[in-house]
Amino acid sequence: MLQVTHENFLDLKYFASSVFYPLEGFMNYEEYKKVIYEMQLLNGEIWTLPITLEVDDFKDIYVGQKQDLYYQDKFIGNIQIEDKFCVQDQDLYEIFQTKDEKHPGIIKEKNALLCVLVER
């Protein structure tokens, strides 16, 4: 069981309504890195911000495992885990184009849940 953040709940709504087209789900590590460092998806289309499902800990979550998703303690769906990784400081510096630890984006992301799950 995974509790999703408000931001990730909105991401799920955007996937369902094609707002994030051509994305069909959260980014895997390879696509995440390509977006951060080259500002494009694996298919070559321009994309500037990574879309990830953030969790506080994934030590008991395994690739291939199915997980139920909850938002505000209400079941909203499920996913099958394709990939998992932790966001590195260097990635944040690249996203925000600064190493300033006082930058509001870096502060927000460092205080957020920085492990990421990718669904299939």
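Numbers here are sequence positions counted from 1. These numbers come from a predicted model, not from an experiment.
Following chains of ILVMFWY side-chain contacts shorter than 4.5 Å, one cannot reach F9 starting from M1, and the two form parts of different hydrophobic clusters. Taken together through direct or relayed side-chain contacts under 4.5 Å among Ile, Leu, Val, Met, Phe, Trp and Tyr, V87 and I107 form parts of separate hydrophobic clusters. No path of Ile, Leu, Val, Met, Phe, Trp and Tyr side chains, each step under 4.5 Å between heavy atoms, connects M39 with L23, placing them in separate hydrophobic clusters. One hydrophobic cluster holds both W47 and V19 under the rule that ILVMFWY side chains link at heavy-atom gaps under 4.5 Å. Criterion: ILVMFWY side-chain heavy atoms under 4.5 Å apart, direct or through other members. Under it, Y70 and L53 are not part of a common hydrophobic cluster.
D60 pairs by the side-chain contact (heavy atoms from CB on, under 4.5 Å) definition with Y62, not counting sequence neighbours. Not counting sequence neighbours, K13 has no partner by the salt bridge (charged side-chain N to carboxylate O under 4.0 Å, His left out) test. Applying the salt bridge (charged side-chain N to carboxylate O under 4.0 Å, His left out) test to E101 and every residue at least two apart in sequence or in another chain returns K110.
In this structure, Q88 contributes its side chain and C86 its backbone to a donor-acceptor pair below 3.5 Å. E31 contributes no side-chain N or O that, together with a main-chain N or O of L41, makes up a donor-acceptor pair within less than 3.5 Å.
One finds the CD1 atom of I36 at 4.0 Å from the CG atom of D91 (value rounded to the nearest 0.5 Å). To the nearest 0.5 Å, atom CG of residue L42 and atom CD of residue E30 are 4.5 Å apart. Separation of atoms CD (E7) and CG (L12) is listed at 11.0 Å; rounding is to 0.5 Å.
Residue-environment remark: CD (E94) exceeds the threshold of 12 foreign heavy atoms within 6.0 Å. For Y21, the OH atom sits in a loose shell: 12 or fewer heavy atoms of surrounding residues, nucleotides or ligands are nearer than 6.0 Å. When the shell of 6.0 Å around OH of Y37 is examined, it contains more than 12 heavy atoms from other residues, nucleotides or ligands.
Here the closest heavy-atom approach between residue I95 and residue P50 is recorded as CD1-CG, 3.8 Å. T98 approaches D100 most closely through the heavy-atom pair OG1-N, 3.0 Å.
Under 4.0 Å is where a charged nitrogen must lie from a carboxylate oxygen, and between D89 and K99 no such pair does.
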Please walk me through it: do F15 and I51 pass side chain to side chain contact (heavy atoms under 4.5 Å, CB included)? CA-CA 10 Å; F15 287 129; I51 308 297; 3.6 Å; yes
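Residues M27 and D83 have side chains not in contact (no heavy-atom distance under 4.5 Å, counting atoms from C-beta outward). Side chains of L69 and N8 form no contact here, defined as non-hydrogen atoms less than 4.5 Å apart. Q3 places a side-chain heavy atom less than 4.5 Å from the side chain of D73. Annotation: side chain of I61 is in contact with side chain of L2 (closest heavy-atom distance under 4.5 Å).
Relative ring orientation between F85 and Y29 is described as perpendicular, the plane-to-plane angle rising above 60° on a 0-90° scale split at 30° and 60°. Ring pair H103/F96 is tilted by interplanar angle, where 30° to 60° counts as tilted.
A ring-centre distance under 6.0 Å is not found for Y32 and F26.
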